[in-house]
Every structure is written in C-alpha cells, then in structure tokens.
Visitor: 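Before I ask anything, here is the structure I am working with.
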Amino acid sequence: MVIQRIVKPRTQRAKRALEERAPKLFENTKTALFIRGQKTSEHVNKALKDLCALKKPEAVMFQRKNALHPFEDETNLEFFSKKNDSSLFVFGSHSKKRPHNLIMGRMYDGHVLDMVELGIDNSKSLDSFHVPKCPVGTKPCLLFAGEPFEHDNEYKRVKNLLIDFFRGPVVENIRLAGLEHVMMFTAVDGKLLIRSYRILLKKSGTKTPRIELEEMGPSFDLTVRRTKLASDDLFKLAKRQPKEAKPKKTKNISQDVFGTKLGRIHMTPQDLSTLQTRKMKGLKRAHAKDTADDSTAEKLSKEEAGTDSADE
C-alpha cells in the first residue's frame with residue numbers, strides 16, 4: 001500500500017495555489033492541454049493551433065514535442081493534467097499507420113475517463129477565412145446534427161465529450177447581442193464534420209433582428225478511428241452531483257424549459273360584496289340618482305297595476 005505524502009504549503013502563494021486546485025462544490029471552467037507528439041504534420045499543427053484559439057483563455061499549448069502514446073500508456077498524460085490542473089486534452093501526432101491524427105479526451109479523478117482518436121481527412125485553418133473573427137473567450141452555441149448522435153452509443157459519448165470540451169463557462173443570463181459564435185457538429189457516413197460560424201444580426205424592420213451565419217473557420221472533416229470509453233458505472237459516477245449543488249425544490253414554484261420561473265398562489269374565496277372601494281362624490285350622486293329613478297319606476301308600476309284592477 002502506497003501512502004501519499006501530504007504537501008503542506010510554506011508560503012501564502014503556495015497555499016492559494018493548493019486551495020485553487022482543491023475539490024470544489026462548483027468546479028472551475030475546465031482547462032484544456034494541447035500537446036504535440038514526437039512527429040506531427042502541418043495539418044496537425046494548424047489544427048492544434050486553431051482548436052487552442054477557440055478554447056482560449058482556458059487553454060495551455062505545449063511548445064515542445066512529447067513522445068507519448070495515450071492508448072498504450074496514460075501515465076504521462078495524467079502527470080501533465082495534474083501538473084497543469086487541466087481535465088481536458090488534445091494530442092496531435094502523425095505516422096504512416098495513422099496520418100494526421102488527433103486524440104481528444106478528458107480526465108476524472110486524476111485518470112483518463114474518455115478518449116477518441118480522430119483522423120483529419122480535410123481541414124481549413126482560421127487564417128484561410130478572411131473574415132472578422134469572434135473575440136477571445138466567446139461562449140459558443142453548440143449544434144449537433146445526424147442520427148448517430150441520437151442512436152449510436154459511441155457517438156452519444158463523443159457528443160458528450162464535445163459538449164464538455166467546448167461549452168465554456170457557465171452563465172446565468174444570456175444577452176442577444178452576446179450570441180456571436182456557433183459551432184456545428186454533423187455525423188454523416190461515418191465522418192464527423194466540424195464547422196464554425198459567426199452570427200450576424202441584420203436589420204429586419206421589426207424588433208427581432210434577422211440572423212445570418214458567416215463561416216469564419218476552422219473547418220474539419222474527421223474520421224473516428226479508435227475510442228476508449230469509460231464503463232457505464234464509472235461514467236455514471238463521474239456525472240453524479242453532490243446534493244448541495246442541486247437546486248432545492250420550492251413548493252408551488254417550477255420552471256419551464258426556457259428557465260422562466262412559474263409560481264402558483266392559493267387564495268381563500270373572497271366576498272366581493274364587502275369589498276371597500278374608493279369613495280367619490282361623483283359615484284355618490286350617480287348612486288343617489290339611480291335610487292331615485294328606481295323608486296319612481298316602482299311607484300309608476302304600482303299605479304298602473306291599480307288602474308288595471310279598477311277597469312276589470
């Protein structure tokens with residue numbers, strides 16, 4: 001049995017660093033590592049650079065080459081992840097057997113949870129699109145299209161991994177003008193297509209603007225090669241949330257699919273006859289006039305009734 005050594009901070013800076021890495025009820029935005037293998041191609045280098053640009057500022061790019069083989073040995077990846085406090089990684093390599101290779105994965109509890117190996121069939125970098133780009137740190141809208149994302153268990157896990165990778169920080173409110181970036185993932189014919197668009201708000205003559213999409217890059221045509229997915233029990237354990245993080249249910253208060261808070265109010269039956277209204281002179285005169293008219297109408301009806309009986 002190996003006993004782990006407890007590291008005690010000696011300075012305030014070290015203490016703050018350890019507190020930042022300690023487990024939290026609400027975790028920080030996940031950081032991604034971008035690692036180059038011992039041998040890479042131009043397509044792989046551009047892909048790592050572009051994916052890092054989309055992930056910034058939660059991204060760490062390694063400049064040196066590293067002789068790693070994630071599917072054979074995961075210890076080096078786990079070491080880099082722990083050292084940089086990162087739970088996401090992208091590893092790029094190139095070989096005759098697996099040309100233009102990308103491996104995307106994530107960590108759980110210091111160990112590799114999921115890994116997906118993707119081959120680059122075709123790609124266009126950010127620099128090849130001569131259009132304005134979105135600001136750094138823009139939270140993207142993620143769209144998924146294709147039947148495999150709904151029916152294939154492997155693609156379902158790949159979809160979950162992509163959402164975990166590109167979702168960005170958790171926000172409470174959304175501003176319409178802040179929706180600037182869209183990422184589209186399409187699964188078709190055994191390939192995974194990734195497209196990136198910039199949202200343009202045009203004048204429509206109404207209060208709601210007209211939406212147009214302008215492709216800004218990068219663009220990837222990928223093939224899923226190998227996968228190393230966690231078991232169902234481990235994946236369920238990784239998704240589990242503590243009770244303190246779950247929203248508490250309040251009686252008679254609910255939310256719809258759009259996040260709007262709805263409430264139900266229970267009231268006792270009210271007797272509107274005893275309801276006190278505002279006293280106004282105009283209402284009093286009108287009420288008195290109506291009363292006088294009613295009394296005059298009653299007298300006339302009685303006289304007519306008496307006349308009719310006398311005639312008979």
Side-chain angles (χ1 to χ4, degrees), residues 29-37 40-63 88-94 98-106 116-146 148-149 155 158-159 161-169 171 174 176-202 209-225:
T29 305
K30 294 184 178 181
T31 305
L33 297 178
F34 294 87
I35 308 170
R36 291 193 299 170
T40 57
S41 63
E42 185 178 358
H43 290 288
V44 172
N45 292 334
K46 287 184 177 180
L48 290 175
K49 182 180 177 182
D50 294 341
L51 292 174
C52 183
L54 294 178
K55 184 63 179 172
K56 283 182 178 180
E58 291 83 21
V60 179
M61 184 74 174
F62 283 16
Q63 301 300 329
L88 303 170
F89 66 89
V90 179
F91 176 78
S93 61
H94 175 71
R98 294 184 178 87
H100 314 303
N101 202 45
L102 288 178
I103 298 177
M104 298 182 65
R106 54 184 168 180
V116 179
E117 188 178 59
L118 305 170
I120 302 176
D121 298 331
N122 188 20
S123 65
K124 291 183 180 179
S125 63
L126 278 168
D127 299 334
S128 60
F129 293 88
H130 303 286
V131 294
K133 305 296 189 294
C134 293
V136 175
T138 303
K139 184 179 175 69
C141 303
L142 305 180
L143 302 179
F144 291 86
F149 285 132
Y155 274 86
V158 173
K159 176 182 176 181
L161 172 62
L162 292 173
I163 292 175
D164 202 11
F165 195 93
F166 291 105
R167 69 174 186 173
V171 295
I174 299 176
L176 180 60
L179 299 176
E180 302 181 45
H181 187 201
V182 174
M183 293 192 69
M184 183 74 182
F185 304 92
T186 307
V188 58
D189 297 333
K191 291 189 177 183
L192 178 62
L193 310 180
I194 301 178
R195 301 292 184 269
S196 180
Y197 300 94
R198 180 169 169 262
I199 300 177
L200 303 178
L201 303 179
K202 301 288 186 178
R210 180 169 54 90
I211 306 299
E212 289 186 2
L213 297 180
E214 180 182 41
E215 190 171 3
M216 69 170 193
S219 171
F220 300 106
D221 295 348
L222 307 173
T223 302
V224 179
R225 291 176 176 168

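Values in this document were obtained by computation on a predicted structure and should not be read as measured data.
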Visitor: Hey, is the main chain of E180 close enough, under 3.5 Å, to the side chain of R198 for a donor-acceptor pair?
Guide: no
Visitor: Would you call T186 and L192 a side-chain contact if the rule is heavy atoms closer than 4.5 Å?
Guide: no
Visitor: Should we say atom NZ of K46 is surrounded by more than 12 heavy atoms from elsewhere, each under 6.0 Å from it?
Guide: no
Visitor: Say you draw a straight line from CG of N101 to CD of E117; how long is it, rounded to the nearest 0.5 Å?
Guide: 4.0 Å
Visitor: Quick one: ring pair (Phe, Tyr, Trp, His ring centres under 6.0 Å) partners of H100, sequence neighbours excluded?
Guide: H43, H94
Visitor: Check whether any side-chain N or O of S128 sits under 3.5 Å from a backbone N or O of S125 as a donor-acceptor pair, and report yes or no.
Guide: yes
Visitor: For E42, is the CD atom crowded, meaning more than 12 foreign heavy atoms sit under 6.0 Å from it?
Guide: no
Visitor: Check the pair D221, R195 against salt bridge (Lys or Arg N to Asp or Glu O under 4.0 Å), reporting the backbone distance first and the verdict last.
Guide: CA-CA 9 Å; D221 295 348; R195 301 292 184 269; 2.9 Å; yes
Visitor: Within a strict 4.5 Å, meaning less than it, do heavy atoms of the M184 and Y197 side chains meet?
Guide: yes
Visitor: In Å and rounded to the nearest 0.5 Å, what is the CG to OG distance from L48 to S93?
Guide: 9.5 Å
Visitor: Would F220 and L102 count as a side chain to side chain contact (heavy atoms under 4.5 Å, CB included) here? Give the steps.
Guide: CA-CA 11 Å; F220 300 106; L102 288 178; 5.6 Å; no
Visitor: Do the side chain of K139 and the main chain of G137 share a donor and acceptor less than 3.5 angstrom apart?
Guide: no
Visitor: Could you check whether any side-chain heavy atom of I211 comes within less than 4.5 Å of a side-chain heavy atom of I199, counting everything from C-beta outward?
Guide: yes
Visitor: Does the side chain to side chain contact (heavy atoms under 4.5 Å, CB included) test come out yes or no for L200 and L213, once each step is laid out?
Guide: CA-CA 6 Å; L200 303 178; L213 297 180; over 6 Å; no
Visitor: With side chains defined as the heavy atoms from C-beta onward, is the minimum distance between F165 and V90 less than 4.5 Å?
Guide: yes
Visitor: Show the nearest heavy-atom pair for residues L88 and D164, with the distance to one decimal.
Guide: CD1-O, 3.8 Å
Visitor: Any side-chain heavy-atom pair from F89 and I103 closer than 4.5 angstrom?
Guide: yes
Visitor: Kindly give the heavy-atom pair with the smallest separation between F185 and I194, and that separation in Å.
Guide: CD2-CG1, 3.7 Å
Visitor: Do other residues, nucleotides or ligands put more than 12 heavy atoms under 6.0 Å from the NZ atom of K191?
Guide: no
Visitor: For residues L176 and P209, determine if any side-chain heavy atom of one lies less than 4.5 Å from a side-chain heavy atom of the other.
Guide: yes
Visitor: A side-chain contact here means heavy atoms from C-beta on lying under 4.5 Å apart; do D50 and D127 qualify?
Guide: no
Visitor: Please round to the nearest 0.5 Å and tell me the distance separating atom SG of C134 and atom CG of L54.
Guide: 9.0 Å
Visitor: Would you name the heavy atoms of L201 and A177 that are closest together and state the gap between them?
Guide: CD1-CA, 4.2 Å
Visitor: Looking only at heavy atoms, what is the nearest atom pair of P148 and Y155, with distance?
Guide: O-CB, 3.3 Å
Visitor: If you take all heavy atoms of L161 and M104, which pair is closest and at what distance?
Guide: CD2-O, 3.9 Å
Visitor: A quick test of your reading: do over 12 heavy atoms of other residues, nucleotides or ligands sit less than 6.0 Å from NZ of K49?
Guide: no
Visitor: Go through the structure and list residues passing salt bridge (charged side-chain N to carboxylate O under 4.0 Å, His left out) with R225, not counting sequence neighbours.
Guide: none
Visitor: Locate the shortest heavy-atom distance separating M216 from F129; write the atom from each residue and the value.
Guide: O-CB, 3.5 Å
Visitor: With a 4.5 Å heavy-atom cut-off, do L118 and T223 have their side chains touching?
Guide: no
Visitor: Mind checking the OG-CD spacing from S196 to E214? Nearest 0.5 Å is all I need.
Guide: 11.0 Å
Visitor: CE of M183 to SG of C141: how many Å apart, nearest 0.5 Å?
Guide: 11.5 Å
